[in-house]
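Accompanying notes for the structure given below.
Residue numbers begin at 1 in each chain, while the letters A, B, ... track the order of the sequences. Just so you know, these numbers come straight off a predicted model, no measurement behind them.
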Amino acid sequence: MKCDFCDTKASVFLTQLVEGQTKKVSLCEKCAQERGVTDPTGFSLADLLLGGITGELAGGQASGAGGSNKACSACGFTLEDLRRVRRFGCAECYTAFREEISPMLRGMHKGASHVGKVPEGLMALQFKHQRLQDLRSRLEQAVASENYEEAAGIRDEIHSLNETEGLKIVS
Amino acid sequence: MMRFSTLIKNPADWMTGGQAEHGAVLTSRIRLARNLRRHPFPGWAKREQRALALLLMRPSVESLSVMKDAFSQELSDLSSVQKQVLVERHLVSREHAARGEGSAVVIERRQSFSFMLNEEDHLRMQAIRPGLQLGSAYEALTALDSELEATLEFAFDPTLGYLTTCPTNLGTGLRASVMLHLPGLVLSDQIGQVLQAVGKIGLAVRGLYGEGTESLGHLYQISNQSSLGESEETIIRRLERVIGQVAQHEQNAREKLVEDDPEMVADKIGRAYGVLRHSHIIDSKEALNHLSLLRLGGMLGFFPADTIILCDTLLMDIQPAHLQLHAARKLSPEERDAIRAQIVRTRLQNLKSSDNSTPSADGPPSSPESANPTDES
């Protein structure tokens, strides 16, 4: 079996219970030592999983040869910053670093997607968005089947929906 | 606006209501983390950006109906003792207390709601209730959150939920936590087992003042760790179920202790009372541990039932910053230990029929219906 962090043969195998689930990690001697796995006190797999990304990030930068340190276009927060503070710079960072986030969330939460409260305004917006999509596909169908009378009705509905409550949808 | 002295003068109702679940549950707290869209998070924001976010949020929070005549202050306008008092009361986090300009706190008159502005997240709102009341605390807080949505646009992603500075709070942004008093499990050496079991199902266990603090006075905080992937209701329901079980274990442990070794229990509680009643120098660690046993004495009927309230009030009043506020000056640790002992002695003096109800074989407890394991007559 290969090490999870480099391609060397793994010799340290770790199993830990995180959130009631068994997580397994295999490491080579060198990576195990670097990540403090051989230190029996206070080691946690959660840290390792988190640390795993930071390792990748650092590696990515090194191979980029002084080049692209990905940054959030909204606030300028970089991958380097993320690696350092393990926190984000602004809400947009979650879009900018979407790829890096999913491995980070592993073992941290019970699930990967949100269940629960949604801001009310947003719910209305999502509902409207859904309704608009439905109307647009119906409009396409109507036009395709040359049912122009129905198409005109749908078009008017879309217009009136777009003018409601100032909730503008950019599409 | 409310003055600091007025806010702090009286204990909040949640500080003295911990009789629920056999007196094992002191308080329930709900915290929601929210951030503004299009504003950098406080830790990354520049000074002017932080000031702008505060300027936007503060009027919205202050105009919440529950915040009528609330205490609202920028952290830079509070003294270090005042900040520390708020930390001791769990109204402000230790991290927030370390902040100054650009961060603020808005606290409801009865200290049941506390909003931290520009903490790690733009907004950290909290509701505290006595006993096991996570559900109703959440209901109250989520209503305030919805009220704020009318004027503030919170950062939200359909997949990741409410977006937070630290990914550990993503999703619901919810942290539900309960403060427990578990002397029975500690005395019977079962605490390790119970806490380990709690940890295995993904709940966090901490001491009196949160992350990294050691457990004093047999007090433990249990809270959810995961905030993404489950609804608020699911998280709260599970936590309440687990807390109910822990409280039941605590109750069983107490009953068994009294049954197996009533002398040992009576001796421990009696000695704790003796030290508290007669010492002239006592540090907070020793005081907390003895108060824990005295509280246990109140629950087991060795002392009148209002002993529990007395202990819960003292728990707050003997903390370092509370002592300094009481003395109206900065105190050295030695001075604090002397004043602490004095306050405890005085309060215990008022403990009704305390001298007759100490757990010895020579007197029944004051309350006739309470169980008295040492009653050998």
For Asn224(B), is it the side chain, the backbone, both or neither that has a heavy atom under 4.5 Å from a heavy atom of chain A? neither

Using distance alone, with no hydrogens and no angle criterion, decide if Thr142(B) and Asp145(B) have a side-chain donor and acceptor under 3.5 Å apart. no

Checking side chain to side chain contact (heavy atoms under 4.5 Å, CB included) for the pair Asp157(B)/Tyr94(A): CA distance, chi angles, key distance, verdict? CA-CA 9 Å; Asp157(B) 176 274; Tyr94(A) 280 99; over 6 Å; no

Glu149(B) portion near chain A, given a 4.5 angstrom heavy-atom threshold: side chain

Is a donor from one side chain sitting under 3.5 angstrom from an acceptor on the other, for Ser93(B) and Arg124(B)? no

Leading residue by heavy atom contact count with chain A [cutoff under 4.5 Å; candidates Thr234(B), Thr172(B), Ile235(B), Thr159(B)]: Thr159(B)

Check whether any side-chain N or O of Lys83(B) sits under 3.5 Å from a backbone N or O of His96(B) as a donor-acceptor pair, and report yes or no. no

Can you tell which part of Thr164(B) gets under 4.5 Å to a heavy atom of chain A, answering side chain, backbone, both or neither? both

Cation-pi, Tyr162(B) ring and Arg34(B) (6.0 angstrom, 45 degrees): yes

With a 4.5 angstrom heavy-atom cut-off, is it the side chain or the backbone of Glu153(B) that approaches chain A, or both, or neither? neither

Per-residue contact mode, Ala112(A) against chain B (heavy atom under 4.5 angstrom): backbone

Choice from Arg38(B), Arg238(B), His39(B) maximising heavy atom contacts with chain A below 4.5 Å: Arg238(B)

Residue Leu174(B) versus chain A: region with a heavy atom under 4.5 Å: neither

Look at the aromatic rings of His122(B) and Phe41(B) and report parallel, tilted or perpendicular, splitting at 30° and 60°. perpendicular

